[in-house]
There are 2 protein chains.
Amino acid sequence: MKDRTSSSKIYLDVVESLRRMIEADSLLPGDKIPSERELSDRFNVGRSSVREALRALELLGLIETRRGEGTFIRDFQEHKLVELLGTFFLQDKKVQEDLAETKRLIEIDCLRIVAFFATAEDIKRLMGWVKAEDFRDDDFFLRIAILNRNRLLERIWRIINSYARTSEIVQGNVKKEDYLSLLTYLLERDEEKAIETYLIRIRNMSKDE
Amino acid sequence: MKDRTSSSKIYLDVVESLRRMIEADSLLPGDKIPSERELSDRFNVGRSSVREALRALELLGLIETRRGEGTFIRDFQEHKLVELLGTFFLQDKKVQEDLAETKRLIEIDCLRIVAFFATAEDIKRLMGWVKAEDFRDDDFFLRIAILNRNRLLERIWRIINSYARTSEIVQGNVKKEDYLSLLTYLLERDEEKAIETYLIRIRNMSKDE
DNA sequence: TGAAATCTAGTGGTCAGACCACAGCGGCCT
DNA sequence: AGGCCGCTGTGGTCTGACCACTAGATTTCA
């Protein structure tokens, strides 16, 4: 029998089937997916194949399993596999550099968008937060990424950031004034100055890319 | 019995053990790792647990398995994270718009980098190609993405492009002159003009983002 | 009646053993 | 030398059996 067209790796078929199922049933984070036994039944594959797929997705942080309860879709924001990849094989030099550079580019893109589209209120609220709270650099840029209304770009930033965090990219001690002056330029819609402030004062770079 | 200290999930222990083993034996991409049966033996766990760990790492793109041969370490540059997250949850409506916008942003980033760092030769070669060949828009920007030396950014572009292509983003009929004039500005290191050309003549937009 | 203890069905976690399909190797025959 | 064959080891898959745990229904008892 075995009518599956794709010639190899049942567990990959299962991953795909799960994807489709989630899509079709519009399952959201927190929702429960059928039990392993039922899936194995529904897809006509052995339970072990289903498990291989589920374990892989679990390691990716896309699902969560609780013994005795079931398997649930997870909030994708927090793929914790990142640490894994980090501890695993992220010691490559070139990758580190690319990572840092890409992160900078994305952040600049976000700044540009914010400078154009964010409301004055949003920016002022962020300024209040900067004054009030104690925060890390990536807390700040997470908020920037959220302010830009492009969810995809935000997600890309989150992913890259979580990778970058595992590496030893040490943030120099940046001061609140720098963030505030950056925000001030954003408020004035002065994209140019904002980016200059970002590069020079926050990322300690010269004015090239 | 079961003396394993971590209270849960043997397959996670196996992942960790594998990590250590790879580290300890300084295994490099291309190297073979022990067979599933031997690992199951060495770690004192069932073969299925070993398999769950291996399948997860395989889905991540960290290892590669060849039936009848064995399991091998892969080039870590190409972990599958972004693709997977993409294929899984990139189906919303709004995402389509974000997709197009992000694609533009990334392309602009690439243009900036190329304007700064690409050699005149590279750019001239590309101009020759534009004149000689018949190409699609994404063929062109793929080459731009490659010219920028940031492999991560290139990959992000490729992914976004593959998704954008499936959606209904129709490319207006762009003419070779437009691409050539873009390249001319790049050759002159005129970032400003290049991006303007990109936005207005190639993407048919006004001069905002 | 209401709360606590208990039972039970269902779920994930793990293992052992059995086949299958395939790749590589070595020996055998011509 | 060249080609055929079968052995061995590897990943791929399935099955059935337990175990550990959870939640909800049931029973028990104050």
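On a predicted model such as this, the values are computed, not experimentally measured, just so you know.
Atom CG in D41(B) sits about 15 Å away from atom C1' in dT10(D), given to the nearest Å. Whole-Å rounding puts the F43(B) CZ to dC15(C) P distance at 13 Å. Atom CZ in R47(A) sits roughly 7 Å away from atom C1' in dG13(C) (whole-Å rounding). The CG atom of L54(B) sits 15 Å away from the C1' atom of dT13(D) (whole-angstrom rounding). Distance, R51(A) CZ to dG16(D) P: 17 Å, rounded to whole Å. As a whole-Å value, the separation of N44(B) CG from dT14(C) P is 14 Å. The separation between E36(A) atom CD and dC14(D) atom P is 14 Å, rounded to whole Å. To the nearest angstrom, C1' of dG12(D) lies 8 Å from NZ of K9(A).
Nucleic acid contact for S40(A): none, since no nucleic acid atom lies under 4.0 Å from a heavy atom of the residue. Looking at heavy-atom distances under 4.0 Å, G46(B) makes contact with sugar-phosphate atoms alone, never a base.
When the side-chain nitrogen and oxygen atoms of T65(A) are compared with OP1 and OP2 of dG13(C), one or more of them lie within a distance under 4.0 Å. Between R55(A) and dG13(C), a side-chain N or O to OP1/OP2 separation shorter than 4.0 Å is present. When the side-chain nitrogen and oxygen atoms of S49(B) are compared with OP1 and OP2 of dG13(C), none of them lie within a distance under 4.0 Å.
Closest contact between the side chain of V45(A) and the listed nucleotides dC14(D), dA21(C), dC21(D) involves dC14(D). Among dT14(C), dC14(D), dT11(C), the nucleotide with an atom closest to any side-chain atom of E52(B) is dT14(C). Comparing dG24(C), dC14(D), dG11(D) against the side chain of E69(B) picks out dG24(C) as the nearest.
Put simply, the side chain of Y198(A) reaches to within 4.5 Å of the side chain of L111(A), judged on heavy atoms.
Side-chain atoms of R37(A) come within donor-acceptor range of the base of dG12(C), with a qualifying N/O pair under 3.5 Å.
Each of K32(B) and S48(B) was matched to the nucleotide of DNA chain D holding its nearest heavy atom; the match closer to the 5' end belongs to K32(B). Taking the nucleotide of DNA chain C with the nearest heavy atom to each of I33(A) and V50(B), the more 5' of the two is matched to I33(A).
With F72(B) as the aromatic partner, R66(B) meets the cation-pi criteria of under 6.0 angstrom to the ring centre and within 45 degrees of the ring axis.
A donor-acceptor pair under 3.5 Å links the side-chain atoms of T184(A) to the main chain of L180(A), judged by distance alone.
Using modelled atom types, one finds a donor on one side chain and an acceptor on the other under 3.5 Å when comparing K9(A) with T65(B).
Residues satisfying the salt bridge (Lys or Arg N to Asp or Glu O under 4.0 Å) criterion with R42(A), sequence neighbours excluded, are E38(A).
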